[in-house]
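A short worksheet on the structure shown next.
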Amino acid sequence: MTSTLAYATTSPTAPLAPFSFERRAPGGEDVAIDILYCGVCHSDLHTARNEWNNTLYPSVPGHEIIGRVTAVGSRVKKFKLGDTVGVGCMVDSCRHCQPCTDGLEQYCDKGFTGTYNGSLYGGGENTYGGYSTHVVVRESFVLRVSHDASQLAAVSPLLCAGITTYSPLRQWGVKPGHKVGIVGLGGLGHMGVKIAAAMGAHVVLFTTSAGKREDALRLGAHEVVVSSNAEEMATQAGRLDFILNTVAAPHDLDAYLSLLKLDGTMTLVGAPATPHPSPGIFNLIMRRRRLAGSLIGGIRETQEMLDFCSAHDILSDIEMIRMDEIETAYARMLKGDVRYRFVIDMATLATPAA
Ligand code: NAP
Ligand code: ZN
Ligand code: ZN
């Protein structure tokens, strides 16, 4: 067992604060990792505040982890001491069901074990995430990171925001010639813009924040639509092949469904605390449109995404914060004021400000 420093919350209203707990000693298939950086996902906030009504307290969020290997178990083959690695949203799954066998561990029939807020198999324990100094993870859930050492902080958001946008863009076959809408320019949305553009699509970014227009173009969008502007929205009616909706709050889906072409699909990845108003039926049936959902991505696909981003020089645009600035970061996230992912420098947890 190793004593581990972390930041945790103990109730939906308690601010995150220093916390310590014991990590297991690495077993034969485990990799022990010192955490360098951890991205801040809106799911961390939903969980800390129990917005999905499933939070186990104390809760240590964080599932965009980049770190360095400090120990490996005797049966570990892929990693050695000193390697730079990533850990995303999952640390285990049943490994036997059809989805697991197909590399779709996120859809494990028994439910994957979350990096945080996940029960470990054989016990009802809570898992504690990346707002901590180190973590111990089974080898098969650890990712190889080939980016340059100077880029590691900006790589951490790929472990959730990157894969959550890459996976549906691949699943729905986005390619050159497609016109793709990305809704919401936050952590997920800005990765969606970059990845869809790298896949060769014509990217239209939809935002509620007129002030993000220039940034969206710089990040790779070809057009930007401010969603509150009816005239701008009308220019896209019936023109999009695919829409990836990343918004973290309930909103009118019809406004976006009506922008899809015949046979177009809108995939929801945003997971608000309360449901969207139900969309109208005619908007779907008149053009055989589809409304879909998607959950992160499997381990094999996460590795593919990391390698894709490395090959295309794709990083997250980040704002580095200290661990003790997390509550301010959450407050800004709730206002849509994220440019475009907060990343915690984990050295600030081990050595707090004087
Ligand atoms: P984020 O950084 O906070 O970005 C969300 C963006 O949505 C905002 O920046 C904002 O962009 C837009 N937005 C519009 N109205 C909003 C409102 N009332 N409240 C909040 N945002 C609003 O969040 P994120 O980390 O990208 O996560 C987005 C959602 O995806 C969350 O619900 C998260 O839990 C979920 N998620 C799902 C998966 C999955 O596997 N499906 C994985 C990770 C995260 P504009 O200013 O451009 O309008
Ligand atoms: Zn996440
Ligand atoms: Zn399974």
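Note that these values count all heavy atoms, side chains included, but never hydrogens, waters or copies made by symmetry. In each ligand, atom 1 is the first atom listed, and ligand 1 is the first ligand listed.
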Quick note on ligand 1: atoms under 4.0 Å from a heavy atom of Gly187 include exactly 1 (P), 2 (O), 4 (O), 26 (O)
Candidates Ser43, Ala249, Gly88, Pro272; heavy atom nearest atom 17 (C) of ligand 1 found on Ala249
- Query: Are any of the side-chain nitrogens in Arg288 or Asp263 under 4.0 Å away from the carboxylate oxygens of its partner?
  - Reply: yes
request  = Go through the side-chain N and O atoms of Asn126 and Tyr57 and say whether any donor and acceptor fall under 3.5 Å apart.
outcome  = no
>> Using 30° and 60° as the class boundaries, would you call the ring planes of His251 and His276 parallel, tilted or perpendicular?
In response: perpendicular
Here the atoms of ligand 1 under 4.0 Å from any heavy atom belonging to Leu295 are 40 (O)
Taking the Zn ion (ligand 3) as the apex, Cys97 SG and Cys108 SG span an angle, rounded to 10°, of 120°
Q. Would you say Trp52 touches ligand 1, if touching means a heavy atom closer than 4.0 Å?
A. yes
- Can you find a pair of side-chain heavy atoms, one from Ile35 and one from Ser132, that are under 4.5 Å apart? yes
Note: heavy atom closest to atom 7 (O) of ligand 1, options Leu205, Val247, Thr267, belongs to Val247
Look at the rings of His42 and His46 and say which category their plane angle falls in: under 30° parallel, 30 to 60° tilted, over 60° perpendicular. tilted
inquiry  = Taking Lys261 first and then Asp241, would you say they form a salt bridge - that is, a charged N and a carboxylate O separated by under 4.0 Å?
reply    = yes
- request: May I ask whether Ala161 has any heavy atom positioned less than 4.0 angstrom from an atom of ligand 1?
  value: no
Closest to atom 32 (O) of ligand 1 (heavy atoms only, candidates His42, His46, Arg339) is His46
Quick note on ligand 1: atoms under 4.0 Å from a heavy atom of Arg341 include exactly 24 (P), 25 (O)
The option among Ala271, Gly186, Ala248 carrying the non-hydrogen atom nearest to atom 4 (O) of ligand 1 is Gly186
>> Before you tell me yes or no, could you show the steps for Tyr37 and Ile318 under side chain to side chain contact (heavy atoms under 4.5 Å, CB included), namely the whole-Å CA-CA distance, both residues' side-chain angles and the distance that decides it to 0.1 Å?
In response: CA-CA 11 Å; Tyr37 303 105; Ile318 65 163; over 6 Å; no
- request: Classify the side-chain pair Tyr340/Glu319 by whether it contains a donor and acceptor separated by less than 3.5 Å.
  value: no
Ser294 heavy atoms within 4.0 Å reach ligand 1 at atoms 39 (C), 40 (O), 41 (N)
Of all protein heavy atoms, the one nearest atom 45 (P) of ligand 1 is Thr207 OG1, 3.3 Å
task = State, yes or no, whether a side-chain contact exists between Val91 and Arg138 at a heavy-atom distance under 4.5 Å.
result = no
Quick note on ligand 1: atoms under 4.0 Å from a heavy atom of Cys160 include exactly 42 (C), 43 (C)
* Asked: Mind checking whether the Zn ion (ligand 2) has an N, O or S of Cys41 under 2.8 Å?
  -> yes
#### Entry: ligand 1 contact by Gln106, heavy-atom criterion under 4.0 angstrom
no
For Ser209, the atoms of ligand 1 under 4.0 Å from one of its heavy atoms are 45 (P), 46 (O)
The option among Val224, Val269, Leu45, Ile163 carrying the non-hydrogen atom nearest to atom 41 (N) of ligand 1 is Val269
inquiry  = Quick test of your reading of the model: are Lys335 and Asp337 salt-bridged, counting only N-O distances below 4.0 Å?
reply    = no
Note: Lys212, heavy atoms under 4.0 Å from ligand 1, region reported as side chain
Parallel, tilted or perpendicular, judged at 30° and 60°: which one describes the rings of Tyr128 and Phe19? perpendicular
Atom 48 (O) of ligand 1: closest protein heavy atom, distance to 0.1 Å, is Thr208 OG1, 2.6 Å
Counting from 1 in the order shown, the ligand 1 atoms closer than 4.0 Å to a non-hydrogen atom of Gly184 are 11 (O), 47 (O)
Judged by heavy atoms only, the candidate from Thr164, Asn245, Thr47 nearest atom 42 (C) of ligand 1 is Thr164
Notebook entry, point to check: Would you say His96 reaches the Zn ion (ligand 3) with an N/O/S atom under 2.8 Å?
Noted result: no
>> If the cut-off is 2.8 Å, does any N/O/S atom of Cys89 fall short of it from the Zn ion (ligand 2)?
In response: no
ask   = Are Thr101 and His96 linked by a side-chain donor-acceptor pair shorter than 3.5 Å?
value = no
- Task: Could you tell me whether the side chain of Val60 reaches within less than 4.5 Å of the side chain of Tyr116, counting heavy atoms only?
- Result: no
